[in-house]
Each structure stands twice: as structure tokens, then as C-alpha cells.
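These notes are about the structure you will find just below.
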There are 2 protein chains.
Amino acid sequence: MGLYGDGMPTAPDVSSASAGDVLALIRSGSVETRADIARLTGLARSTVSQRVDALIAHGFVDEDNADGGSTGGRPPRRLQLRTGEHAVAGVDLGASHCRVALLDLTGATLAQREDPLSIADGPQAVLGHVEKTLHALLKEADHAPQSLQAIGVGVPGPVEFTTGRPVDPPIMPGWHQYPIPEFFADRFGVRALVDNDVNVMALAEQRLAFPETRYLLYIKVGTGIGCGIIADGRLHRGAQGSAGDIGHIRVADDTEPCRCGNSGCLEAVAGGAALARRLAELGLDAASGSDVVRLVKSGNRDAVRMVREAGRAVGEVLAGLVNFFNPDTVVVGGALAAVHDQLLAGVREAVYRRSHPLATHVLRIEPSRTGENAAAIGAGILAIEHALSPDQVDRALAAAAG
Amino acid sequence: MGLYGDGMPTAPDVSSASAGDVLALIRSGSVETRADIARLTGLARSTVSQRVDALIAHGFVDEDNADGGSTGGRPPRRLQLRTGEHAVAGVDLGASHCRVALLDLTGATLAQREDPLSIADGPQAVLGHVEKTLHALLKEADHAPQSLQAIGVGVPGPVEFTTGRPVDPPIMPGWHQYPIPEFFADRFGVRALVDNDVNVMALAEQRLAFPETRYLLYIKVGTGIGCGIIADGRLHRGAQGSAGDIGHIRVADDTEPCRCGNSGCLEAVAGGAALARRLAELGLDAASGSDVVRLVKSGNRDAVRMVREAGRAVGEVLAGLVNFFNPDTVVVGGALAAVHDQLLAGVREAVYRRSHPLATHVLRIEPSRTGENAAAIGAGILAIEHALSPDQVDRALAAAAG
DNA sequence: TCCATCTGTTCGGCGATCGACCTAAGTCAC
DNA sequence: GTGACTTAGGTCGATCGCCGAACAGATGGA
């Protein structure tokens, strides 16, 4: 079973399966041999072979000739996603860093690199850097540029997903309406999918760590606070693509002023920047969320208390979202999740106190299991799922045939 | 253009369209003639005719022979959903009422009836009443029982949609895990779809009043407060089917005790029952939400002020949900929406103060446009969309052919 | 060694779809 | 009016894709 094991967003459709659908079945791990496919889809074995042959001919599938696991008859030949030539890129653009990862089609990392880079330098500079880095990674992994199938990009601001353009991103001056997909189409000739960074982190978390869940919230507690939403196995982006913007939801009973002009915003109460500022006011050496983490790890009482209270504030808001959205899994990530003992205790405490029993009955609240390149991998997953979508695969086969 | 005019949840898929898909196109209003279908799907005109002929033969489609609207050539024959023999039922079970509506396949009401009936009488008594009522309505509308295609049911509590069974419904004693679909399958031989009443009201509102929107929240402010969620044109039910349960989200700065054991719950602050109780404490004659409405309409100052404040409380919570979910339309309905001038003013005030500009930029907050039988119609729509789903239609044609 | 069992391939048959051709039924220019 | 033009829809042979039966391959077990 591969990375996308049993828990594809939805079990691929089964009736009158096209070649692309067959590939989805193989990729999902629900079938391993031609005979499996015939049994599951109801297609004739001859038809299945035809589909599989086409997939093999175009390099989508590999046949593992050896080892069958016979059950008293001719041993089957195992099929699996071919990971040879193809690759995708996942790009994680942060406020002050840029991470680029080259992944094979199973999601495994072939090569990756992180550099400090200010997003405020603007699209030309930042994307130019990505372009150079990606070429370097392709060389490092010994892949031809043509092997690149698609590119996923996570950016720290709201994006109109269908066009891949940032819309009024607060911390990305110069990026408003910049056509990121066109930039990559011109350079690499492939489709680029652009999404909010928290969204792609949620995607990575669901696909890699919780493949069996279909309703997941990923809360990122870093400098600010955001939320990625997986509904029915797919990313929920909302009407304008700004869904999950929970940093300015008001926390009950708090009047902390926020840079947005309101007061009591979750971000102003529990965001890493706010905690650092308040610790600095106490005379401690803290300028950012990572300083807060350092202080907590060193056992500083004020920092521990503050993070715990931040967890409660997050939990207070989250309790409402759990009632509203009814997820089965909540994942807490971001820089502050590095001290998740303290943070999660506060979150759990508040959620279980305020949410309905029906909603919390099977609810899991867990720390993020994906590492620091979650965003890059999530962006890569976006690219993989585009490149291997049944539609896309069928188009590729039809184009090659015609 | 029919009830489901331009704004079906998603434009029906177009590639290699089956007969069911063709029907979906006709129903959505995106095509009106055979030639339209051929143009839109890319199918050969002969194939289209074959599909349409089958649909006509089985009574799904009618051909409007007259009037074409020629554009210089032979005038086309218009196609439309046949509303002749078929019908569906929509059942709205409330705490103390039962409404049954008989609808044709466009969603038009053929006959309907409402009776006072306590849901606490239990499933046998209540569903027995529905059965009798439905037979009476079929007779009234001069329809044979076999013309019934499906039944939709809205109940005032959480439901596991796939099985149609209520789960721990607080105000429905005796209904926990009761197999409602089986009851109707035994009596009428058709599929019954059971959902929460607020969900079906949201569905009715979206399909009838806001067909072009895909992300809608329907807030019902009645005795309690609940929310129906339309995401990407479909009902969002969450992991356990309890999504939208916003009555016990905490309102900032309020410590009103709630029957759930917590304090400051939205329902305890702004629910009709809570308002009535507080008005009664002021010496006014108020026992329920309808009394509150009466007092507001008669111009009672305390009642007006209280409803306005309730609107603010709803808006306070809604502001957070808008940031999180990013809908393009919010509809406020329920008994208290009868005085929506006061209620909506409070809601809008709070939402526009607390929500992000990006999320509120194109956000509409409007009173419900559907009347008091919204739930019954919404339940009926659930039934219609099941009966006319491409899968279901294809199955029906295949069964008749075989 | 031979049979049962399971996998995968080959190939003829069949049904669905296509598309060329034809008829129907209107508009428009003159 | 009349005929050219345009668009809608039907008819029918050709074609393509899928099915399924027969066959070949490859193993375990009697």
C-alpha cells in the first residue's frame, strides 16, 4: 500500500471505468492486479488488460513481473504506479523563506531545498529564485526538465484557486493578481496550482497522516493563526477562496486590541507574534513565535502559562467551529505546535468543555505529524492529484493515441 | 426556465453523457432542444435523439411540439421535464407539527396539509399519520400511489443521512436509531431520504431563491438556533451528520446560563424561547417565539430592543462562521425572521463589524424568501434530486429495457 | 504426473455511437 | 410568391469499443 493507501478522498468510481479511473484504483491501493480490477469494476478481463496495457505503454504503470502470491493458480502480476521518469514540484512560499521540493508521483521526496527569502521582494524575484532552485533540484535528482508533470505552490495569503492569483494578500506586497500559473507555464510548460499555504498543509496532513478521515481541520498556530479545511476529502476554499481565515474571530471575554482594528481577535490573543510581544513586555527576550517556543522549552513559567492560555483561546474558537463543521479530526500545527503538550492541553480542555457531545464523541484533536516541509509536500500533492486525475490521464492517453 | 433554472449546484458533466446526464441537462435549463444537447455534449445528433427518445418513452421528458423560435431554419422542438404522472413527497416533522406536501418533479406543490402533532408521540404514531396524510394527498391530487417516486423527510434533530436514522435526537424521544426509510419502503416501496430540518430548509432556500450561489448558510432562528450549510452546491453534513449545530456556540461577553449546562450559548441569548422567557420576566405575555414576534409587530419597545440584540448576538457568532466558511450568501429564517427588519439589522451590524473585508466583500445577508412550507419543499427537493439523479434515471431505463 | 485453480491473452460477435445523407420546416432576399 | 439558405431532426450503413468464450500460462496439491 502506497502513500495514499486505503484512504483516498473518496473511493474511485467504479462503473464503466476509463483508463484514468483504473489508474486511480491502482494508485489508491484498492487493487493490485488485473484480476482485482476486473472483480472490482465489473469490466471484462480483456477490457482491463487493454486499459492496463495503455497505462503501461504511456509510462503510468509498472508491472512487477516477479513474485505473485499464488493461491493455487497462476500467480498474478502486481501493478503499481510507475515512479520512474515523472516528477512534480511542491513550492512553499513563506513570509521569509522559500522551500522547493521535487517529489515523485507517490509523494516521496526526491530532493528539496530551503532558502531564506522575503516574499515582499515581489513575484519576479521570488519566482525567479524558485525557477533556479527547481532547475538545480531537477539536476540533483537527475531528472530532465520534461519529466516535470505539474507544480503546486503554497502562498501565505488568500488565492483565487481557479486562476491561481493572490487576491489582496496582506503580507505579499506586489503579488495582488499576479498570474503565478502563467509564470510557470512559460518556463516549464506545465500547469501550476496555487493555493493558500495553510490549505496545502491541511491537505498534506490529511493525505499522509489521516488518510481514512474525510472531515479534517488543520489549525496552524504560528505568527498568525489560520485553518485549512478538508470536507468530504476535498479542500474547502469557500466562495472567494478565503475560507479558514480564523485569525480574527473574536475570543469571548477578551479585549486585546488587534492590528485589524477590532479587539479580542484570536490572533491578537494567541498568535505567536502576540505572545512574543507580551513576553517581551515582561522583560523577556522574545521577538517571534520561535522565541516563545524556546522559552517554553527552557521551562519559563510565564511562557508556559501563556501558551497554555493561548491553547484555551484557540480551543474556545475551535469549539464553535467543531459544532458548526463537525469534523472527525482536528490537527494543530504551526510553529507553536512544537510545544504541543502545553498548547494541546489548552485546546482540548476548551473544546471538550464547549462542544456538543455528539460532535466530540469521536473527535480526535492531535498534534501535526507532518514535519516542517509539510507545506511543500502538500503543494506537491496538489500537483500530483492534478497530474494523475482520471480526466488528465485520459486526456494524455487520447492525445498520444490521436 | 424551470425552478432549477440556471443555477444547478454544479453544471452537469458533459463528456460521454448518458441518458441520465441528458435529463440533468434538460432539467438544469442549460439546454432546451436536441440540437442544444448535441452542441453542448459533443454527442452526435443521432445519439442525442436516441437518448431523448428513450427519455420520452419512459415518461421523463415531454416534447413541446409547437412554437420554436426559429433563427432562420427549421424551428426546434422544445424539451422539458415531464411533470405528468410522477410525484414525490416532502415531509416536515416539527416538534409540534407535521406537514406533508406532494410535489411534482419540478418542485411545484400539488397538494399539502399541516396538522398539529407532537413528535414526542413516537415514530409509529407520527409516521402512521404521515402515511395516512400522504394517501389522502395522493387521492386529492388524483395520483395513483405508484406515481410516487421518492420521499424526503426533515426531522428536528440530528440524522445519519446514509441510513436515515435519527441519532440521539434531544427532542424526539423514542426515535433514536428508528429506521425511517424502512417504514416508507414497506408502505410505498420507494426510497426515503431523511435529513435534519434545517438542512432541508437550507436546500430549499438555495435551490429556489439563490440558484446561482454555491456557498450558502441558512440560519434558522426559532425556539432554538440552527444552521444549514450548502458547500459547493451540496449539503454539508459533517462527519457525524451534526454539522450546523450552532445553538451552543458561545457568544462573547455573555454569561446567560443555558439548559446545556454551559453559559453564554447563542441559543440562551438569542433563541426564541429565551427571548420569550425574558419578556415574561418583564411581565409581558410571552411564552414562545411567536409571542415575541407578535410583541415586536405591535411595537413593544422591550421586544424590539431584545430582538435587535438577539440579531447582534447571532451576527457576532455568524461573523466568525463567515470568516471560517466564506459563504457568498447568508439567509436568516425561522419564526423570528418574521420580524427580520429588526433581526437582520442586528445581524448585519455585527457581521460587517467583525468579518474580514475579503469575506464580506460580496456577501449577502438576506431574509428567507421561502415560506412556512420551506422544510416540506426542501425535503421534497431531496427526493426529486434523488429520483432524477443520472444514476437513478439510467438504472430505471436499463431496468425497463431488460 | 495430472488435475484444479487462478491469471492473463486472443479473437470473433454485438451493440452503441458516429457521421454522411436525407427530409422537414422555417427565414430572407428579390 | 418563389427559390436560396439555414437550422432541426431522422435514417442507416460503417466503425469502434467492450464483452465473453476459448485458450495459454503458471502455480499448488493429490
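These numbers were taken from a predicted model, which means no experiment stands behind them. Naming: A, B, ... by sequence-line order, numbering from 1 per chain.
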Starting at [atom1] of [X] and ending at [atom2] of [N], how long is that distance when rounded to a whole Å?
{"X": "R77(A)", "N": "dC6(C)", "atom1": "CZ", "atom2": "P", "answer": "18 Å"}
{"X": "R34(A)", "N": "dA24(D)", "atom1": "CZ", "atom2": "P", "answer": "19 Å"}
{"X": "L43(A)", "N": "dC18(D)", "atom1": "CG", "atom2": "P", "answer": "8 Å"}
{"X": "D53(B)", "N": "dG9(D)", "atom1": "CG", "atom2": "C1'", "answer": "10 Å"}
{"X": "E63(A)", "N": "dT7(C)", "atom1": "CD", "atom2": "P", "answer": "14 Å"}
{"X": "I37(A)", "N": "dT7(C)", "atom1": "CD1", "atom2": "C1'", "answer": "13 Å"}
{"X": "D36(A)", "N": "dC6(C)", "atom1": "CG", "atom2": "P", "answer": "13 Å"}
{"X": "I56(B)", "N": "dG9(D)", "atom1": "CD1", "atom2": "P", "answer": "10 Å"}

Closest heavy-atom pair and its distance - L103(A), G380(A)
CD1-CA, 3.6 Å

Expected string for nucleotides 25-30 of chain C under the B/S/- scheme (protein heavy atoms, under 4.0 Å, primed atoms plus P, OP1, OP2 as sugar-phosphate) is BBS---

Decide whether a cation-pi geometry holds between R237(A) and Y215(B); the criteria are a distance under 6.0 Å from NZ or CZ to the six-membered ring centre and an angle within 45° of the ring axis.
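Pair R237(A)/Y215(B) does not count as cation-pi.
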
For F184(A), what residues pass the ring pair (Phe, Tyr, Trp, His ring centres under 6.0 Å) criterion, not counting sequence neighbours?
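With neighbours one apart ignored, the set is empty.
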
Residues in side chain to side chain contact (heavy atoms under 4.5 Å, CB included) with [X], at least two apart?
{"X": "V190(A)", "answer": "L148(A), I151(A), F188(A)"}
{"X": "A57(B)", "answer": "none"}
{"X": "H86(B)", "answer": "L105(B), Q149(B)"}
{"X": "Q50(A)", "answer": "none"}

DNA chain C contacts made by residues 45-52 of chain A, counting heavy atoms under 4.0 Å:
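Hits under 4.0 Å, by residue number: R45(A), S46(A), S49(A).
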
Quick one: which residue pairs count as a salt bridge (Lys or Arg N to Asp or Glu O under 4.0 Å) with a foot in residues 46-58 of chain B, not counting sequence neighbours?
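Matches after skipping sequence neighbours: R34(B)-D53(B).
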
Can you sort out the partners of E85(A) under side chain to side chain donor-acceptor pair (under 3.5 Å), two or more places apart, ordered by chain and number?
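Expected list: R82(A).
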
